[in-house]
Protein chains: 2
Amino acid sequence: MIAVNLSDEDRWKKYNNFSPLISIFKKFHPLNDEIERRINQHTFPVSYKKNKYLVSPVDRNKFLFLIVKGVVRGFIKDGTAEITTWIAKENEVVGTIRNLWVEGDSEEYLQALEDVDLIAIPHVLSEYLYENFTEANIVGRKMMEQYYRSAEERAYLCRISSAEKRYKRFLVSFPDLINRVSLKHIASFLAIRLETLSRIRAKI
Amino acid sequence: MIAVNLSDEDRWKKYNNFSPLISIFKKFHPLNDEIERRINQHTFPVSYKKNKYLVSPVDRNKFLFLIVKGVVRGFIKDGTAEITTWIAKENEVVGTIRNLWVEGDSEEYLQALEDVDLIAIPHVLSEYLYENFTEANIVGRKMMEQYYRSAEERAYLCRISSAEKRYKRFLVSFPDLINRVSLKHIASFLAIRLETLSRIRAKI
DNA sequence: CTTAGTTGTTGATTATTGTCAAAAAAACAT
DNA sequence: ATGTTTTTTTGACAATAATCAACAACTAAG
């Protein structure tokens, strides 16, 4: 599914010779040279066309992805229906969550909602960095705090009582997504039907 | 609101002379003596009666709390209504989230749903430990990963299409809470009315 | 024990949202 | 451009859940 056929020299040509992950991490904490070297060596760019799935069941949980360009959604198959649990854009890191609380049929998928450019981060790399570099744990801790807050916001959003209020909250929480993501996915994220969302928008 | 009148010697008497926080942290990573000493010195036990609020607007965001005994919920005031976004029990760490994405009227509260014993963790302590001890970042990172997953579960749960399915998911995700928490709070967590929950339960 | 207050149940009614179907509008490919 | 597909809108109707109200069950306090 994901093949790496790039030599170390030209892998990052289009990104000024460095993995974009490095500048993201540096916003949280300075990195030492060895970490940067490892990141350049073991992460790699990958692209998907709009509507393609980022993870097949085969390599689920082998990578995280930094979104360099585009929008990605995460959803869970609930029988025949799909439940979109998040929508992420540039500079966010996405991935499937490993140990879902409840074992069962619910499977998580990632889908590109635009043509996307990503940086793939093998889990083995994250684990290696966490075990060998204290800076990695500082960066990881700070990023997780940020992602935890955004997950809390998603958990709050969908508990707002009326569909209209949820939509309005979406508009202020994610103003940039409304024009980039089709309404059917936003409806799913808001836990309402597309038709209902369409009527709410007509009313406002 | 929170007063500490204990000398260092007897503060932890009821917990075999150590802050219970230490054994929680040690499940994630070994701690050095200096960290343990700081934790014993700067965290302290505090108890609340059922239905009491853990944070007043005054000292919001000054502490996290480890729940040693009891159940706590977090909720957000949405006008007159309350939206319960999580319910936590023993061995979980809870607190208000600082920078909510959207500034505004939504205020977060913590409430004891049983008589609770807690360990208060001043934010200044967390910050100090993060800045001075690499182990703290390892523990913090791992704990945040765990809490992120549980927040994802909450975000998924409330997007399930029917009230009955959400309740059933609750039963498997939080089997221990159903007999400890009043139905009105569970209903709020499931984003349904108490009456609806009552009817669903009658039907099953 | 008795009373007051809270929590949970049940019924009747209303409101909101979902479902199904069709058409319009927009996006995409040739 | 042209036809094709996807997305979005609209309408009629059904189902689900909310609301209001009354009451029963359970707790807590005196």
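Excluded from the calculations below are hydrogen atoms, water molecules and symmetry mates; all remaining heavy atoms, backbone and side chain alike, are included. In the text below, chain A, chain B and the rest are named by the order of the sequence lines, each starting its count at 1. In this text the structure is predicted, and so the values were computed from the model without any measurement.
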Under a 3.5 Å cutoff, is there a donor and acceptor pairing between the side chains of A:Ser173 and A:Glu153? yes

Between B:Phe174 and B:Phe189, is the ring centroid distance below 6.0 Å? yes

Identify the two heavy atoms, one from B:Val181 and one from B:His185, that lie closest to each other, and give their separation to 0.1 Å. CG1-CB, 3.8 Å

Considering all heavy atoms, the nearest B:Val116-B:Gly70 contact: CG1-CA, 3.7 Å

What I want to find out is whether A:Arg141 reaches A:Glu145 closely enough, with some N-O distance under 4.0 Å, to be called a salt bridge. yes

side-chain hydrogen bond (donor to acceptor under 3.5 Å, both in side chains) pairs touching residues 195-204 of chain B, sequence neighbours excluded, are B:Glu164-B:Lys203, B:Tyr167-B:Arg201

For residues A:Phe44 and A:Phe63, establish whether the separation of their ring centroids is below 6.0 Å. yes

Out of the candidates B:Pro20, B:Ser47, B:Pro45, only one should pair with B:Val68 under the side chain to side chain contact (heavy atoms under 4.5 Å, CB included) rule; please name it. B:Pro20

Of all of residues 178-188 of chain B, which get a heavy atom below 4.0 angstrom from DNA chain D, listed by number? none

Do the charged groups of A:Glu114 and A:Lys89 touch, with an N to O distance under 4.0 Å? no

May I ask you to check whether A:Tyr148 and B:Tyr148 place their ring centres under 6.0 Å from each other? no

Does a salt bridge link B:Asp115 with B:Lys50, judged by any charged N lying under 4.0 Å from a carboxylate O? no

The contact string for nucleotides 12-30 of chain C, one letter per nucleotide 5' to 3', using protein heavy atoms under 4.0 Å with B, S and - for base, sugar-phosphate only and none, comes out as B----SSBB----------

Would you kindly give the CG-to-C1' distance between B:Leu194 and C:dT10, to the nearest whole Å? 12 Å

Which residues pass the salt bridge (charged side-chain N to carboxylate O under 4.0 Å, His left out) test with B:Arg38, not counting sequence neighbours? B:Glu34

Just how large is the angle between the end axes of the helix from C:dC1-D:dG30 to C:dT30-D:dA1, five pairs per end, to 10 degrees? 60°

Min and max contacting nt of DNA chain D in 5' to 3' order, chain B heavy atoms within under 4.0 angstrom, are D:dA17 to D:dC20

